[in-house]
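Read through the structure below, which is laid out as structure tokens, and then see the notes.
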Amino acid sequence: MTWNTLFIMRHEVLLTLLIMYELLADLSDETNRTRMVNVTIAGFFLYMLAGFVPSENAALFGGMYVNDELRVLLKNILSVSTFIVLLQSSGWAKSPIHQGRAGAFYLTLLSTLMGMFFMISAGDFLMLYLGLELATLPLALLASFDKEFRRSAEAGAKLLMSSAVSSAVLLFGLSLMYGIYGTLQMEDIAQMNLNSDIHTIAIIFFISGLGFKLSLVPFHLWTADVYEGSPLPVTTYFSVVSKGAALFTLMLVLYRVFRYQPEEWRMPLYTLSVLTMVVGNLFALRQKNMKRFLAFSSITQAGFMLLGFMNFGRIGMTTIVYFMLIYGLSNLAVFGVLSIIVRATGKESMDDLNGFYSTNPRLGLVMLLSLFSLAGIPPVAGFFGKFFLFTAAASAGMYILVFIAVLNATISLYYYLLVVKAMFINKNETPIPSIQSTFYEKLAIGICLTGILAIGFVSQLYEYIQGLM
Amino acid sequence: MNPLLLLILIPALTMAGIMLAGDVKQARVISAVGMSAQLLFSFVLLYWFYQLRQSGNTDEMVFVSTTVWYPSLNIQLKFGIDGISMSMIMLTSIVTFAGVFVSWQVEYLTKEFFISLILLATGVFGFFISLDLFTMFLFYEVAVIPMYLLIGIWGSGPKEYSAMKLTLMLMGGSALLLVGLLGIYFNSAANGGPLTFDLMQIAKNGLPREAQMFFFPFTFIGFGILGALFPFHTWSPDGHASAPTAVSMLHAGVLMKLGGYGCFRVAMYLMPEAAHAMAWFFIILTTVSVVYGAFGAIWQKDLKYINAYSSVSHCGLVLFALLMMNETATTGALLQMISHGLMTALFFALIGMIYGRTHTRMIDEMGGLMKVIPFVSVLYVFAGLASLGLPGLSGFVAEMTIFVGSFQNVDTFHRVATIVACSSIVITAVYILRVVGILLLGPVRNNHYLELKDAMWFEKLGGVTLLVSIMIIGIAPLWLSNLLREPLAAMLNQLTN
Amino acid sequence: MNLSSEIPLQYMLVLSTLVFFIGLVSIIIRRNLITMLMGIELMLNAVNINFVAFNHYLFPNRLEGHFFTMIIIAIAAAEAAVAIALIINIYRKVGTVSVDDIEELKY
Amino acid sequence: MDFSFTILILALPLFSFALLGLTSKSLKADLAGYAGTTSLLVITVLSYLAAWRYFGGGDAEAGFGTTIAMNYLWLNFTDTLQIHIGILLDSLSIMMLVVITTVSLMVHIYSLGYMKGEKGFQRYYAFLSLFTFSMLGLVVATNIFQMYIFWELVGVSSYLLIGFYYERPSAVAASKKAFIVTRFADLGFLIGILMLSFSTGTFDFDALTSPTGPVISQPAGSLFMGLSVTTWAMLFIFMGGAGKSAMFPLHIWLPDAMEGPTPVSALIHAATMVVAGVYLVARLFPIYAMSAPEALDVISYIGSFTSLFAAVIACTQLDIKRVLAYSTLSQIGYMMVALGVSGYGGEAGLGYMASLFHLFTHAFFKALLFLGAGSVIHAVHSNMMTDMGGLRKYMPVTHVTFLIACLTIAGLPPLSGFFSKDEILVAAFEHNKIIFAVQWLVAGITAFYMFRLYFNIFWNRTPEYHHAPHESPVTMTLPLSFLAVASVFAGFVPFHELVTSDGKAFETSFHVLVALPSIAVALVGIGLAYIMYFKQNERPTKLAASISGIYTAAFHKFYIDEIYIFITKGIIFQFISRPVAWFDRHIVDGTMNLIGNTTVAASVVIRRLQSGKVQLYIWFFASGVLLLTLYMLLQ
Amino acid sequence: MTGPKIIFYILAAAIVVFSVLSVADRRILRAAIYLLFVLVAMAGLYYMMNFQFLAAVQLIIYAGGIVVLIIFSILLTSQINSKLDPPKLGNLLLGVITAIGGIAISAVTIVKYGFTPANQPAIEPTMRTIGHQLMDTSEYGYALPFEVIGILLLAALVGTIFIARKT
């Protein structure tokens, strides 16, 4: 254990420090919510910056913990997303009902983030599982964080029950994996090329476990309920950070560990992808609650993400990460606007958005751009993300899948346009009044917007990611 | 810097300017100035183009510039034009120019309106100058999506429904298209070498036959949907009927041309064997389209529906002629694209003017407009005559080139198809004259109309610009025909070998 | 004590599979959050049997399965704690812990 | 010889059209009229100059040959198929130039008086200029496509002029009908052009009609339904001609076209445009004669039938312009017959010469008749015979000129009509006796209905006029007089030396056997008319009653209009267009909507998946995992 | 029938029977007790396989901690003698069918597969080795998971307290 080790593990270490701060703040009955929020955000910001400092690749703790440039990037993506979530939730956290709660909130939130980092950095399935649980259990608590609301309680319970089953299934798969390989060290498993029915079962159980977090159909059913019931910052966190972590983990494991058995995971993912896109779309079509709507939208997006897995090589991984980044920023932007609305008015129905543009043109425009980005409309980044995903799938000759995916993208455009329609076209006697957003909120939206507008055109980013693969 | 980029830059600056504009008036003026500059620049470009050609430059594409964009996927920012793109650019800038003036009086969310409109135009310009399938597709979608807002916000009637339908159908088309493009990309290096989106490079490499057979329908139908290929045209009547004037103009006038252009530039040019093998099927579809659209137009009562169906017929003729795959017919198809673009834009502009005054588009609710708004009416008659192919106006030149060209295919199938397509000129006459008769001529049916004001200066400017263009092509078509024909020899060589 | 000569590994594995799916059935059919939680514990324990059995039968040279099991037990404890907190929370809000009553969020 | 000045013949009217069209509001009405008339005067002079130079400079015996005064490339389709816009001068086109400019000038002058004070006077002159331009362009066309271009332009000018009184629904309907019917015919023309040009690889008349050219010397081999491709092509082309020249069954637009101002009827629908079909056949005559004789037969039968059919109808009509319109049909039928019975070259080409001769003379006397009728209408403010009578006292000049015209058309010597009609009858007589018999009969009927018209207008009873009719102003009577003179003397033009099928002069002889019966039958016709209509009496009514079946049918123009209306309204509108529109809305669009609705419906159906019950969620999860496993294991 | 075999069969039977009972019994407190039996039997199984420490942990944490927790919560939330509603027929069918299917698929595949032992000398899971490895940071050391579990427990604890705390 040297300084270097700590530096390599800087994400986790610094997060631990932050967690400690939150614990202390919580314990000391910190009453000044504003200061607490500010300190947390500032601390997180510093931590986030530290994350960008380059470090060497290393495997620590006897290979339990692995860090390389790609993983640092993935963590940074999650960090930035979390930072944006923190910014967006600042208003929520400062509100009077959260007297004495911010500490617990931040503590739980940051520990889940740490869990995700361990998932990503896991060099051993044990760590992966641990990370997964660390990322899930506190999340169930977060989902129930709005103790005043029955829905929030319901969301937490549903999430916990179903996620426990999913992790049990994943564990069962892992146990079989252990039986097959004799080890859970990823590095060792990656050396072996074993194929058998039981291996298939193990892989599918594993994928299902992560697929649950990623909200793949038919493992998605918790998603909408939990998204709707949870407090908005938590929903945001679910839809971007939690999902991103699951996706990255799945990608790292499948590409790095089961690299010799691509056929075993490609077909299941193919099926899941089609199911996810179609079912997600069909549900999203008629949603009226924005959170629930975004839940299904994010399910559909997860279906798209799977397209990247069709390509076994660098292109596949690159497009997955690239798309996740863009999806994350776009979704965060949507949630950013939504969170401002919810903070100011408490309204979260699509009908409440009617006539929104007339009173809040800027927010409306941001929403428009980010929805277009989600739908994959140029020139915003979503187009590039989707296009490259399709490219990845097509490179494997899966044109039928691509076609299904693009048709689904068209359907998804339909419901994104419904939101646009509400904001821009529908008339409303009493639209949401003009909202003044805070500095944090503006900053959050600014980051997202810059990303959405710039990422597609700055090809260096894509090339950089590809270089890491 | 590549001068072609100005075609994107000028609209972009204009949009930025509008965004900064203080009030409605400024926004209007900035758009007008921007689009005038664009028009002017297209003329300059045309002049440069001619100069280059005159100086002995015989490159397939000129003003080519290549910048690698995504090196790992070999995506390039490659721009360049030939005679075909040049004329399409001219068409676009003329229609956009007219469109801005015709929408002078948009009051609701004016800035947003002009930004969306110009964004649409930008997409079109970008599409026409792109030589890389990726950027082409990008601009294609950029051009399509503002339609939703433009129709949804500033439209009339069941605008939400129409806007959604139009957007979804076109996006469905681009779904097919995307599959086609990716298929092309992944087969673009059949003989080794890097995969590429570069149009010229792919053409040079050639695609394997099986790939062509699989991806041609995707690409052709994908573009064809935008070109109102039967039976995927139904977005057109509803969309046009609900769209605001300038949008109908740009859409029917320019955007639908993307379809035909793409069918030719991408689908047929890159996949000649498949084009040959499957032409018969699409010829049947387009022949049906030509006649069917015309017959459909006869029964309509809404001016915009009439024009939309007429567009189906005329655009069907474009695809029809392209599929004939000989130089004359193809020239005709391109001429028809330009001609239809101009005259349908004029039509929609005039319909907008009429609607703005009478607040109805139902022809049987109006009558005798010639007496009350002669300027608009006379222009309408001109547009109608152009549409039915009167010599001296552009429609005639295009249609005749198509018919003569199509008839050069010696087998019975093509000839029968040609003759059936020819018959549309009669049907066109029927519905055009029906409209003119009911709408413009006869006694004034509604006394309120007696107080209507004739066209304002900006409307006149917009309309006359279009009419003059139509007449120039109609009276002196040779230069345009030669401009379009010039790159065809090489391209058709590719097609027939 | 070495079991491998007496009882084949497969017996252990089948046993664990049985318990695993019995746990699953419990979760699906019992209409009470607490019993569902019990089902989850069953499933986790089934997995534990697997790990332990593999460790003992196949790979006794290392203790990976053993430690995994320990970790699972620890996590199961945490999970149970969290679950019970949530259940109590539900109970406060809804008045029962019947699954049938927590379906306000749907469609 | 330099004919480059002829470009002015085309340029001037175009310029005048543009000028009058663009300045129609700001220009004073009179000025517009004078400007238009002046430009036409100049053109007329130029045309005469061209004729003088052409005929003066050539040798009738050797043939006049063809001069291409100019030829600009307008559009090229392929390397060989190119459209030129040019001026071709030969005896045929020069003759047409003279006819057109002369009649047009007369109409211009006449209109100064006739249209005075009309709203849209400038527009009227602009349209006239446009028409003149188009018609002149048509006749000087160097190639068939140029002809087609101007053919269409003529059509649209006609449309505009028929619909000149655009606030009158009947005029609007008539103009629409005229345009669509001729457009339909033009479709045939176009297809014919496509076929002909494809097999020959050229549009140029020079190449097409040269007896050594590819069409004629290498007859197209392939046959379709027993006729060669060339024959089919020529039949299609004739369809265009038949439409413009209002041959049965495409004649229906012409009577209705009388809704236009009367001078327009005189110019377009009597003297010039309607003979374009004749001109077209004459222009392509070598091909017809040598490569498509079957087509010529068809032409002669159609011409003959039309002339009889129209003459019969003319006997029953009450609207004087309609009588004249049917008379025009009948006379054009004569011209067609003449072409149909003609051969190529020398004496065999008698019919050709006769046809154009009749075209020439007919232009003058029919224009005269229309202008005379216009003069009458101007005075009486009605088109109906029943409102007229005894006008000879009020309008002497009109009366005399009208009588001359009637005598001319009746074919009494030595008026011009006699000569031209006589040549036609001779040609028919030599070729086909049945056709001859029909035409002979028609000659009698013509004399009858013309004098029925004449007597009814100028004699018979005198109705009560609200305003006493008075003679027309000099701007109107002057053209009348000029045309009367022309009608009288036009017959003495030595046509057989000037305008022949092969350009070479030949000798014609006088056939007493043909001439005398035709004079006789004309006299009988006149006599009958005198008996029935000179004074008011009961005989016409009785006669009509005795043959009521035929009379009613003829009065209703043999119900051809009704058949057309049935076809257009009943079949095309109701049974094609309406179903197409319905199909499009409900089937094609319905399918698209169905896809959308199905998606939405599916979304409603599957919403039960998201039941809100966490146990079911878990079940879905578990069964999903298992099914996926099963699927993978079975693979 | 040797001793270990008999013990195994007894334990296995206990595990299965009590699991089923715990699922089937409609009196919730009894179900919890049956679960306790299952857990204890499992501890026996571990013990049989030489993992004494694990068996102890199982007894302490599961039997001593979790089941007690569960019983507490049962006492908190329901009347002790009240019977639970019988399962819904639909759920029952779905659950049982799925389970049977799952068992069939997994068991068949597992039984078919010939697991290959590592054939290396076993190490005794003594307290010492376990303790060392648990604190070791090198290969096969479990210090990191141990720490992470700490964080997990902390987070769970804080969150749980927050949620369960009355406001």
Side-chain angles (χ1 to χ4, degrees), chain C residues 1 3 6-7 9-11 13-15 17-19 21-26 28-32 34-35 37-39 41-42 45 48-49 52-54 56-64 66-67 69-71 73-78 80-82 84-89 91 96-98, chain E residues 2 4-5 8 12 15-16 19-20 22-23 28 31-32 35 39 42 45-46 48-51 54 57-58 61-62 65-66 69-70 73-74 76-77 84-85 87 91-92 94-96 99 102-103 106-107 110-111 115 117-118 120-123 125 133 140 142 145 149 152-153 156 160 163-164:
Chain C
M1 186 160 48
L3 272 177
E6 306 275 343
I7 300 151
L9 169 64
Q10 266 73 13
Y11 283 31
L13 299 182
V14 170
L15 176 66
T17 311
L18 279 175
V19 175
F21 283 100
I22 290 171
L24 184 65
V25 170
S26 166
I28 293 175
I29 67 172
R30 301 284 286 219
R31 300 156 72 176
N32 186 303
I34 299 174
T35 46
L37 178 64
M38 286 154 62
E41 301 300 344
L42 278 180
N45 273 287
N48 286 351
I49 296 179
V52 172
F54 282 132
H56 177 76
Y57 280 80
L58 303 177
F59 318 109
N61 52 327
R62 292 201 298 266
L63 292 175
E64 279 186 75
H66 176 262
F67 279 104
T69 309
M70 275 174 63
I71 302 254
I73 291 173
I75 287 175
V82 171
I84 281 163
L86 290 173
I87 288 168
I88 288 173
N89 194 26
Y91 184 70
T96 70
V97 287
S98 169
Chain E
T2 57
K5 252 189 188 164
F8 172 76
I15 289 173
V16 174
S19 325
V20 171
S22 134
V23 172
I28 188 163
L35 177 68
L39 299 176
M42 283 197 179
L45 216 52
Y46 300 158
M48 273 181 76
M49 288 190 265
N50 258 354
F51 294 121
L54 201 58
V57 169
Q58 169 89 355
I61 297 185
Y62 261 122
I66 297 178
L69 211 54
I70 286 176
S73 62
I74 290 171
L76 266 174
T77 56
L84 290 175
D85 297 332
N91 279 16
L92 186 65
L94 292 179
V96 172
I103 291 169
S106 328
I110 290 170
V111 170
F115 290 96
Q120 274 166 343
I123 47 170
Q133 285 200 19
Y140 307 119
Y142 291 84
I149 282 269
L152 171 58
L153 290 173
T160 307
I163 294 291

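Naming convention: chains lettered A, B, ... in sequence-line order (proteins, then strands); numbering from 1 in each chain.
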Report task. Decide yes or no on side chain to side chain contact (heavy atoms under 4.5 Å, CB included) for C:Met38 and E:Ile70, but give the supporting numbers first. Result -> CA-CA 8 Å; C:Met38 286 154 62; E:Ile70 286 176; 3.8 Å; yes

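- Of the residues considered (C:Leu42, C:Leu37, C:Asn89, C:Val14), C:Leu42 shows the highest number of contacts with chain E, using heavy-atom pairs under 4.5 Å.
- Comparing E:Gly65, E:Ser19, E:Pro121, E:Pro145 by heavy-atom pairs within less than 4.5 Å of chain C, the highest count is held by E:Ser19.
- With a 4.5 Å cut-off on non-hydrogen atoms, E:Ile103 touches chain C through its backbone and its side chain both.
- Counting heavy atoms from C-beta on, the side chains of E:Met49 and E:Leu54 never come closer than 4.5 Å.
- Ranked by non-hydrogen atom pairs under 4.5 Å with chain E, the options C:Thr96, C:Ile28, C:Ile29 are led by C:Ile29.
- Taking E:Ser73, E:Ala32, E:Gly95 one by one and counting their heavy-atom pairs under 4.5 Å with chain C, the maximum is reached by E:Ser73.
- Looking at heavy atoms from C-beta onward, C:Val52 lies out of side-chain contact with E:Leu45 at the 4.5 angstrom threshold.
- We find the CD-OH distance between C:Glu64 and E:Tyr140 to be 6.0 Å, quoted to the nearest 0.5 Å.
- For chain E, the option among C:Phe54, C:Tyr91, C:Phe67 with the highest count of heavy-atom pairs below 4.5 Å is C:Phe67.
- Distance check, rounded to the nearest 0.5 Å: CE of E:Met48 to NE2 of C:His56 gives 8.5 Å.
- With a 4.5 angstrom heavy-atom cutoff, E:Leu35 touches chain C only via side-chain atoms.
- When heavy atoms are compared at a cutoff of 4.5 Å, C:Leu15 approaches chain E solely by way of its side chain, counted from C-beta outward.
- Residue with the most contacts toward chain E among C:Thr17, C:Thr35, C:Ile84, C:Ile88: C:Ile84 (heavy-atom pairs, distance under 4.5 Å).
- Contacts between C:Arg31 and chain E at a heavy-atom distance below 4.5 Å involve the side chain alone, from C-beta outward.
- Around atom OH of C:Tyr11, no more than 12 heavy atoms belonging to other residues, nucleotides or ligands sit under 6.0 Å away.
- Under the 4.5 Å side-chain criterion, counting only non-hydrogen atoms from C-beta, C:Thr69 is not in contact with E:Gln58.
- The part of E:Leu152 that comes within reach of chain C is its side chain, from C-beta onward, which places non-hydrogen atoms under 4.5 angstrom from that chain.
- Looking at C:Val97, only its side chain comes within 4.5 Å of chain E, counting heavy atoms on both sides.
- The candidate with the highest count of non-hydrogen atom pairs below 4.5 Å against chain C, out of E:Asn91, E:Ile15, E:Val23, E:Val111, is E:Val23.
- Taking 4.5 Å as the limit, every side-chain heavy atom of C:Asn32 sits out of range of all side-chain heavy atoms of E:Thr77.
- Only the side chain of E:Leu153 comes within contact range of chain C, with at least one heavy atom under 4.5 Å from a heavy atom of that chain.
- Taking 4.5 Å as the limit, every side-chain heavy atom of E:Tyr142 sits out of range of all side-chain heavy atoms of C:Leu63.
- Contact tally against chain C (heavy-atom pairs below 4.5 Å) for E:Ile110, E:Val57, E:Leu69: the top residue is E:Leu69.
- With rounding to the nearest 0.5 Å, the separation of CD1 in E:Ile149 from CD1 in C:Ile71 is 4.5 Å.
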